[in-house]
Amino acid sequence: MAKHPTIALIAYLREELPADERVRVMRHLEGCATCRDLKDSLARVTADLARLLDQMPAPDPLIYRAQLALKLAARPAERGWWRPRLTWLSLAAAGAGAIALTLTLNIRNRPSVPSVEQLTDENEISDVGIGLLRDYPVVTHLDLLEDYDVIVHLNELPQADNPQRAAPA
Amino acid sequence: LLRLSDEELCRKVAARDSGAFDQLVERHQVRAFRLARSVVGDDADARDISQEAFIRLYESAHRFDGRSRFSTWFYRIVVNLCIDHQRRAKWWRRLLPLSSGSEELEQATIEPLSDEPSPEAEVMRREVAVTLNEMLRQLSPNQRTAIMLQVQEGLSSREIAAILKCSESTARVHIYRGLMQLRKALRKD
C-alpha cells in the first residue's frame, strides 16, 4: 500500500488539493480504513474547536471600540509630542558628533608649528654635524656652564694696571 | 458601506474614511481579538494587540495593494504583533523567573472582562476559556496560529503560509500536528 497521505488529509477535507492529488488521496481512502478514520476524526476535532471558539469570550464591542477610538485619537498627539523632538535631538547629536570628529581629525593631521626659538636654534645648528643634534641640550647649556666657572673664580683674577681706576689720593 | 467588501473598505480607509474604518473594526474586532487571545493567552493583552492592529491598519491602509485578500493582510499584522508581544514576554520572563507562563494564563482566565454577564454565563465562559486554554497551551505558537486562521477565519493553507512566512506544506504540517494534539486533548475530556 502507498504511504498514508496524513498531512494532505486536512487539505483534502477543505478541498484545497489540486485535481490529480485529490484523486490520489480519494483512491487511497477507498482502500485504507485507518486514513478514513483519521479523516473523520480530524473533521470532528475541527468542528469541536470551531464550536468552542464560537463560545470564546470577547470584550464588549462598544467598550472595545470606545477604547480603540481613544487610542487612535491619542496617537497623533503622541507623535506630535515626541517625534519632532526626537528629530531635533537626533539632528543636534549628529551635528555635535560631526563637529567633534572634524576637530579631532584636524588636530591630528595638522603639522606642528615650531616656535620662533626652536627655528633659531635649528638654523644655528643646521651647519653642525648631525651628531651634535643628539647632545643638543648639552650644547645649549655649554655657554652657561662656562659663565658660571668665570663667576666662581672672579676674585682670583689679577688686578688690572689701570692708573685711572686707582683710588685718588 | 455594509455592502462593500473588506478590500473596498480598506481602500476607503486609505482615503481617511472613518465610516469605512468603523465598518472594518465591527467586522473583524471579535475575530482579531480571538486570534490574538489564542496566541498570547491573555484577555487584556489580546485586546491591546488587536486594537493596536486596527490602529496600524488605519495608519497603513494605503500600503494594502489588493494582491491578497484583506484578511490575509490584516491578520498578518495581528500575528506580527502577537510575535512581538511573545518576544517581549520572554524577555521579561527571563528577568522575573518566578512568574511562569502557565500561571499567567490561569490568572488571565479568571479575570473577568469589562462587561458584566450573568453568573451562569460567567461560569460557562470560564469553563470554555479554561478548556480552550488547556487545549491550545499544548500547541506551539505556529500550530495555534495556523489552526485559528483555518478554523476561525477559514483561510487556505496558502494564505496561512503567507501569514506565517513559511511554505504551504509547512503550514499544512502545523495544522495537522496541532489538530492531532487537540484530538488527544479532546479524547481526555
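Residue numbering restarts at 1 for every chain, and letters A, B, ... go by the order of the sequence lines.
With respect to B:Arg183, the side-chain contact (heavy atoms from CB on, under 4.5 Å) criterion is satisfied by exactly one of A:Asp48, A:Leu38, A:Leu49: A:Leu38.
We find the CZ-OG1 distance between B:Arg172 and A:Thr6 to be 12.0 Å, quoted to the nearest 0.5 Å. A distance of 12.5 Å separates OG of B:Ser38 from CG of A:Leu52, quoted to the nearest 0.5 Å. For the atom pair B:Leu182 CG and A:Arg44 CZ, the distance stands at 14.0 Å (nearest 0.5 Å). How far CD1 of A:Ile10 is from CD of B:Gln150: 6.5 Å, rounded to the nearest 0.5 Å. Put simply, CD on B:Glu59 and CZ on A:Arg75 are 4.5 Å apart, with the number rounded to the nearest 0.5 Å.
B:Arg37 places no side-chain N or O within 3.5 Å of a backbone atom of A:Ala58 that could act as its donor or acceptor partner. The closest donor-acceptor contact from the side chain of B:Arg34 to the backbone of A:Leu53 lies under 3.5 Å.
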Would A:Leu42 and B:Tyr176 count as a side chain to side chain contact (heavy atoms under 4.5 Å, CB included) if you check the C-alpha gap in whole Å, the side-chain angles of each, and the deciding distance to 0.1 Å?
CA-CA 8 Å; A:Leu42 288 171; B:Tyr176 174 75; 4.1 Å; yes
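Hydrophobic clustering (side-chain heavy atoms under 4.5 Å, transitive across Ile, Leu, Val, Met, Phe, Trp, Tyr) keeps A:Leu70 apart from B:Ile49. If you chain together hydrophobic residues whose side chains sit under 4.5 Å apart, B:Leu136 and B:Val30 never meet in one group. Hydrophobic cluster membership differs between A:Val23 and A:Leu9, with clusters built from Ile, Leu, Val, Met, Phe, Trp and Tyr side chains linked at under 4.5 angstrom.
Between B:Asp48 and A:Lys71, at least one side-chain nitrogen of the basic residue sits less than 4.0 Å from a carboxylate oxygen of the acidic one, meeting the salt-bridge criterion.
Between the side chains of A:Glu16 and B:Ser156, not a single donor N or O lies within less than 3.5 Å of an accepting N or O.
Checked against salt bridge (charged side-chain N to carboxylate O under 4.0 Å, His left out), B:Asp65 has the following partners two or more places apart in sequence or in another chain: B:Arg67. For B:Tyr58, the ring pair (Phe, Tyr, Trp, His ring centres under 6.0 Å) test picks out B:Phe21, with sequence neighbours left out.
Using a 4.5 Å cut-off between heavy atoms, B:Val25 contacts chain A through its side chain alone, with no backbone atom that close. Within the 4.5 angstrom heavy-atom criterion, no atom of B:Arg31 approaches chain A.
Other residues, nucleotides and ligands contribute over 12 non-hydrogen atoms within 6.0 Å of the CZ atom of A:Arg51. Around the CZ atom of A:Arg14, the shell of radius 6.0 Å holds more than 12 heavy atoms that belong to other residues, nucleotides or ligands. Under a cut-off of 6.0 angstrom, the local environment of CZ in B:Arg177 is sparse, with at most 12 non-hydrogen atoms contributed by other residues, nucleotides or ligands.
When the candidates B:Ile55, B:Asp22, B:Ile175 are compared by the number of heavy-atom contacts under 4.5 Å with chain A, B:Ile55 comes out ahead. With chain A as partner, the option from B:Gln51, B:Met148, B:Glu26 having the largest number of non-hydrogen pairs under 4.5 angstrom is B:Gln51. In terms of heavy-atom pairs under 4.5 angstrom with chain B, the leader among A:Ala50, A:Ala69, A:Ala47, A:Pro61 is A:Pro61.
Minimum heavy-atom separation, B:Ser50 to A:Tyr64: OG-OH, 2.7 Å.
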